[in-house]
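In listed order, ligands and their atoms are each counted from 1.
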Amino acid sequence: MAGDDNKPEDEAAGSGRKLGRRDVLLGLSTVPALGLFGYALQKQRSYEQRQRQAAEAARPAAPHDLEPIDVALIGAGAQGQVLLDAMLRIPGLRFRAVCDIWTDFNLRRAVNTLKKYKFEVRGYEDYRQLLDQEKELDAVVIATPDFWHAPHTVACLEAGTHVYCEKEMSNTLEGARRMVAAARATGKLLQIGHQRRSNPRYLHCHDKLLGDAKLLGRIVTVNGQWNRAVAPDLGAPDRYLIPEARLKQFGFRTMHEFRNWRWYKGKGGGPIVDLGSHQIDVYNWFLGAVPSHVMASGGLDYHDPKTHEWYDTAMVVYEYETAQGPARAYYQTQTTNGSQGYFENFMGDQGTLLISESEASYPGRLYRDPNAPAWDEWIQKGYVTAPKIVEKEAEEEASVLDVRESVSPDEHRVPVVLRDPYHQPHLENFFDAIRGKAELRCPAEVGYESAVTVLKVNEAIEAKQRLSFRPEDFKA
Ligand SMILES: NC(=O)c1ccc[n+]([C@@H]2O[C@H](COP(=O)([O-])OP(=O)(O)OC[C@H]3O[C@@H](n4cnc5c(N)ncnc54)[C@H](O)[C@@H]3O)[C@@H](O)[C@H]2O)c1
């Protein structure tokens, strides 16, 4: 696997294909109108105009003294679209270009979206042509498949732009190391997309609840999961299929691999990397440590091995030596049953914190151990809500309580809500850092530590052994 992420760069070298500027500027924006005549065309145009006006009205106005940041997006798929939607809510960004190899579908959609917001945006199939032609760029946001992150990030940094690159930093440590080295050599900013690190709820828990107030006492165990129900493989409309010869130029063997790259070795890392990396990153962050050992059991237990190469099930135990003492952290991801979704649960000798990015499912609950000192001071300071009085069900009342049973801990809530889209604060942090108003919350070195922690799980599953990390493994 090592070095695979060099491959697409070389293979793509021969492609040399770019959407003509004119094609994109003229062609793409008129596509929705093709085939419509007379009345229908008129109707379509006025609909588009209304859309543009509505989009423009929804965009936040930038203060007059805010220097615009010129931005490009590379990779306008599912996540690229999510990032774009979040960025459109951030004032002071000027979108210049989008690059995506699925020119007739994702590239077209993203370019058309940005045109609705009145950006003079150009579309490219090849990132090198984008970097050759767009000399004014300050920042590039990258949301391509993991095996493209290193070539894309390194090229953008070397072209003089700051980079926001989605997680997983890379599918190989060799690729991730090249990214760290390029950020250092160029002095440009590189933010990795572990967006929980900028989420105000997670920040409140990290800084206030665990930091200032130390409400959990000593954290000794952690558990977390991302369970997903069986989902059909991703497909594509027949008329938008990319010919295999062209796919190969960009490192994909088939349309199935192009759409479902996460499941393929050398492209992504399977669910443990795709889903687990978010939460295992939070384990490291909240424990203030990186693990010393990992053991894992996993396999391709359910899905078709012809179209799924990575493990669909992984059960992992990390061992940490934290500043407070040893801690063990369990994590599981499976893709056959979505029960109880995704969360992280930190358990200390004085309390428990149950949190998830999905506030609707897990609104941030804290449980004070009955033996822990009272939390009145922290309730008064607004760190946690007053405890919820749990009404006992009649049936429960009727049951006979064994006197040896533990008393239930008080339940409190984390009183901080994220009202913006999940990714907005992390992107804002990136753009604030470019303006010199903030420090990156997930710079290259932190993204690297997280990649080392997560990528080792697949190794441990393969080896069927408890593997150790050396402190120097986490230094790029
Ligand atoms: N932070 C998060 O919560 C989160 C969520 C989902 C995905 N992601 C990450 O975002 C990235 C993209 O995931 P996705 O779900 O959007 O995948 P996707 O397959 O939907 O989109 C990838 C896009 O990249 C394009 N692409 C592929 N190779 C390219 C190349 N060489 N040059 C230009 N464009 C290329 C594809 O055409 C596609 O439009 C991944 O790294 C993934 O891990 C992060």
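- Checked for salt-bridge contact, Glu357 and Arg196 meet the test: a charged N lies under 4.0 Å from a carboxylate O.
- Under the 6.0 Å cut-off for aromatic ring centres, Tyr302 and His308 do not qualify, their centroids lying 6.0 Å or more apart.
- Under the 4.5 Å side-chain criterion, counting only non-hydrogen atoms from C-beta, Lys267 is not in contact with Pro145.
- No side-chain heavy atom of His162 sits under 4.5 Å from any side-chain heavy atom of Gln191.
- Within the listing of ligand 1, atoms 36 (C), 37 (O) sit less than 4.0 angstrom from a heavy atom of Phe258.
- Across the listed options Gln81, Met169, Lys167, Lys167 owns the non-hydrogen atom lying nearest to atom 43 (O) of ligand 1.
- Atoms of ligand 1 lying under 4.0 Å from any heavy atom of Pro145, numbered from 1 in the order shown and given with element: 22 (C), 24 (O), 26 (N), 27 (C), 28 (N).
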Inset, instruction - Step by step, work out the ring pair (Phe, Tyr, Trp, His ring centres under 6.0 Å) result for Phe258 and Trp102. - result: CA-CA 10 Å; Phe258 168 69; Trp102 204 0; 5.4 Å; yes
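- Counting heavy atoms only, Arg262 comes closest to atom 7 (C) of ligand 1 of the residues Gln195, Glu166, Arg262.
- Residue contacts with ligand 1, taken as heavy atom pairs separated by less than 4.0 Å, do not involve Tyr422 at all.
- Set against the non-hydrogen atoms of Asn106, the atoms of ligand 1 under 4.0 Å away are 38 (C), 39 (O).
- Of all the atoms in ligand 1, the ones that sit under 4.0 Å from a non-hydrogen atom of His152 are 30 (C), 31 (N), 32 (N).
- Taking all heavy atoms of Ile242, Thr144, Leu234 into account, the minimum distance to atom 35 (C) of ligand 1 is reached by Thr144.
- Taking the six-membered ring where the residue is Trp, Phe286 and His206 present tilted rings, their angle falling between 30° and 60°.
- Of all the atoms in ligand 1, the ones that sit under 4.0 Å from a non-hydrogen atom of Trp102 are 37 (O).
- In this structure, Tyr318 OH and Tyr331 OH are separated by 9.5 Å, a value rounded to the nearest 0.5 Å.
- Of all the listed residues (Gln79, His423, Arg259), Gln79 holds the heavy atom that lies closest to atom 16 (O) of ligand 1.
- Heavy-atom contacts of His278 reach the following atoms of ligand 1: 1 (N), 2 (C), 3 (O) (cutoff under 4.0 Å).
- Between Phe250 and Trp148, the ring planes lie tilted relative to each other; the angle falls in the 30° to 60° range.
- Within the structure, salt bridge (charged side-chain N to carboxylate O under 4.0 Å, His left out) pairs that include any residue of residues 225-243 do not occur (at least two apart or interchain).
- Heavy-atom contacts of Trp148 reach the following atoms of ligand 1: 28 (N), 31 (N) (cutoff under 4.0 Å).
- Proximity to His149 (heavy-atom distance under 4.0 Å) selects the following atoms of ligand 1: 41 (O).
- Screening residues 150-173 for salt bridge (charged side-chain N to carboxylate O under 4.0 Å, His left out) gives Lys167-Asp274 as the qualifying pairs, with residues at least two apart or on separate chains.
- Looking at Val82, Ile74, Ile101 and measuring to atom 26 (N) of ligand 1, the nearest heavy atom belongs to Ile101.
- Among Val98, Asp100, Val273, the residue whose heavy atom sits closest to atom 37 (O) of ligand 1 is Asp100.
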